[in-house]
Amino acid sequence: MQSHWARIVARVIAIGALLIALPILVSGCAASGDRMIGRAMRSGDWNEAVRLLTAESVRNPNDAKVWARLGEAQYNTGHDAEAEDDLNKALVLDETMYSAHLFLGYVAERQENLDRALWHYQVFVDHKPKTTAARDTQRRIEALKQARAEAFAQKALTDEQHLSPASYPDSSIGVVYFNGERLPDTLRPLAKGLAEMMVTDLSKIPSLMVVERLRVEKLIEEMNLSNTSAFDSTTAPRMGKLLGAAHLLGGDVAGMPKNRVRVDPQIVNARTGEVALPGEHVGGLSGIMGMEKDILFSVLKKLGIKLTAEQRSELSKVPTDSLAAFLAFSRGLDYQDRGLYDKAEREFSRAVTIDPSFQIASEHATETQYLSGSSPAPPQNLETFAAQTSAQTEWQAEAPSTDLMLGAILNNTAMIRPVGTETTQDDPNTPPTPGAGTVIVNGHFDE
């Protein structure tokens, strides 16, 4: 009788051990497959990686990481359409799979859709700000923006005789830096700061089409003009024509006694050459941000733009009440335009230190901190860049799964041990040997 019950107990224990062992064996197979995928990707055998990952996507269709890695492999085999589909599937399953945006940026850039590429790159940087890949990607964003603006300016000059301002939407406008030559040297950057605030505010109005500031700057360079000579009766209409803008906004900023300034904005109609004068604005330096709002509303009135009460309320908010913070921000813009990113980042950070609520200064500080130590240069070869940053994406670092850790524990407690692993000094962090199909259950059950 005792032997009979011992046999029953032995069978129960054996079945239990087998039930425990099965997940470990399955986990071992999965780990083996994952290692094969990783080996193929690290060695650059992208066709093999596509084959393995395609099979894995069938087994695990809801695993965002599998689709993201498959998208990476498809990109590297030159199958852009398939890569785009797989990467988008990854984002549908897990919107926090931000490295998928990085690869979607690669696809878009290879297809010469720079606007789309820049959008995807920026999403990645915004959500992975502390990574090495984010630093490299932000530098690429800046280089691509520079290259895009230069290409735009060169094409505009080449096609100038075929451009027709009459066809430009009446809602299109470009902003040229104000002329600050009549300001004291220490205050001269304020002219750039005012223009930047005007661009920022005008861009908040849905009915307006505002030309990117960098395009204005590159066109001025291509025309061999300075910011101070870009806005006069002869060059302004041509500038508007080349920029694709029906209107061009600029003006002068002059210093006055008792720490006061005067701003004379001008709006040039690129189609007719007509100049509209919204009126001079005079005020104390300490209230310069309020003056910018007065200029903004006078410009919008001249353009015939009607605002809702909500829009007017939003546009009336000043970004900072601190003259020192605004002046530091303006100096940062000047350094940034000259490619002196280290100095620009220091000035933007100084502005934020003075006024932590100065949001646009904070955004510029974040952007330029990635660019510190670099200089404006053509973007490196896309494939080189992709190979460099791809290795830094979040799905490259694989953490041990729970099943593997459980397997290691069971293996090294001698409760379940694959054949051939009987050692006296086991590493407690080493999982069972993948693929081991024979399990030894220790114990005497017939006694």
query: Partners of Ser298 by side chain to side chain donor-acceptor pair (under 3.5 Å), sequence neighbours excluded?
result: His281

Donor-acceptor pair, side chain of Trp119 and main chain of Gly105, under 3.5 angstrom: no

message: If you define the side chain from C-beta out and look only at heavy atoms, does anything of Leu327 sit under 4.5 Å from Leu285?
response: no

query: Can you find a pair of side-chain heavy atoms, one from His101 and one from Gln122, that are under 4.5 Å apart?
result: no

field: Partners meeting side chain to side chain donor-acceptor pair (under 3.5 Å) with Lys218 (sequence neighbours left out)
entry: Gln146, Glu150

message: Can a donor-acceptor pair be found, under 3.5 Å and without considering hydrogens, that links the side chain of Ser172 to the backbone of Met209?
response: no

query: Backbone N or O of Glu310 within a donor-acceptor pair of the Ser313 side chain at under 3.5 Å?
result: no

field: Ser362 side-chain N/O to Phe358 backbone N/O, donor-acceptor pair under 3.5 Å
entry: no

- request: Inspect the contact between Arg338 and Asp334 and indicate whether a charged nitrogen and a carboxylate oxygen are less than 4.0 angstrom apart.
  value: yes

- request: Name all residues meeting the side chain to side chain donor-acceptor pair (under 3.5 Å) criterion together with Asn269; count only those two or more places apart in sequence or in a different chain, and write none if there are none.
  value: none

- prompt: Any cation-pi pair here, Arg110 with Tyr75, using under 6.0 Å and within 45°?
  reply: yes

message: As an exercise, state the distance from CZ of Phe326 to CG of Leu194, rounded to the nearest 0.5 Å.
response: 4.5 Å

statement: To the nearest 0.5 Å, atom CE of Met41 lies from atom CD of Glu72 at 3.5 Å

task: Assign the ring pair Phe385 / Tyr121 to parallel, tilted or perpendicular, where the plane angle (0 to 90°) is split at 30° and 60°.
output: perpendicular

query: Cation over ring, Arg312 on Phe297, under 6.0 Å and within 45°?
result: yes

task: Indicate yes or no: does Glu109 engage Arg140 in a salt bridge with an N to O separation below 4.0 Å.
output: yes

Determine all donor-acceptor pairs shorter than 3.5 Å in which one atom belongs to a side chain in residues 182-191; sequence neighbours excluded.
{"residue": "Asp185", "atom": "OD1", "partner": "Arg188", "partner atom": "NH2", "Å": "3.1"}
{"residue": "Arg188", "atom": "NE", "partner": "Gly180", "partner atom": "O", "Å": "3.3"}
{"residue": "Arg188", "atom": "NH2", "partner": "Glu181", "partner atom": "O", "Å": "3.3"}
{"residue": "Arg188", "atom": "NH2", "partner": "Leu183", "partner atom": "O", "Å": "3.2"}

task: Look up atom CD1 in Ile220 and atom CG in Asp337, then write down how far apart they are to the nearest 0.5 Å.
output: 9.5 Å

- request: Tell me, please, which residues at least two apart from Glu160 pass side chain to side chain donor-acceptor pair (under 3.5 Å).
  value: Arg238

query: When you check the side-chain N and O atoms of Thr368 and Tyr335, is any donor under 3.5 Å from an acceptor?
result: no

- prompt: What distance separates Arg35 CZ from Arg42 CZ, expressed to the nearest 0.5 Å?
  reply: 10.0 Å

- prompt: Would you say the side-chain atoms of Asn113 pair up with the backbone N or O of Arg116, donor to acceptor, closer than 3.5 Å?
  reply: yes

Side-chain (Ser99) to main-chain (Leu102) donor-acceptor, under 3.5 angstrom: no

message: If I take atom OH from residue Tyr106 and atom CG from residue Asp80, how far apart are they, to the nearest 0.5 angstrom?
response: 13.5 Å

message: Please give me the minimum heavy-atom distance between Ala351 and Phe329, naming the atom from each residue.
response: CB-N, 3.9 Å

field: Distance (rounded to the nearest 0.5 Å) between Thr320 OG1 and Asp355 CG
entry: 3.5 Å

field: Ser349-Glu345 side chain donor-acceptor pair, cut-off 3.5 Å
entry: yes

Lys204 atom NZ, neighbour heavy-atom count above 12 within 6.0 Å: yes

message: Quick one: does any side-chain atom of His247 pair with a main-chain N or O of Asp170 as donor and acceptor, under 3.5 Å?
response: yes

Quiz: residues 286-294 side-chain donor-acceptor pairs under 3.5 angstrom, not counting sequence neighbours:
{"residue": "Lys293", "atom": "NZ", "partner": "Asp201", "partner atom": "OD1", "Å": "3.3"}
{"residue": "Lys293", "atom": "NZ", "partner": "Asp201", "partner atom": "OD2", "Å": "2.8"}
{"residue": "Lys293", "atom": "NZ", "partner": "Leu315", "partner atom": "O", "Å": "2.9"}
{"residue": "Lys293", "atom": "NZ", "partner": "Lys317", "partner atom": "O", "Å": "3.2"}

query: Is a salt bridge present between Lys145 and Glu142, judged by a nitrogen-to-oxygen distance below 4.0 Å?
result: no

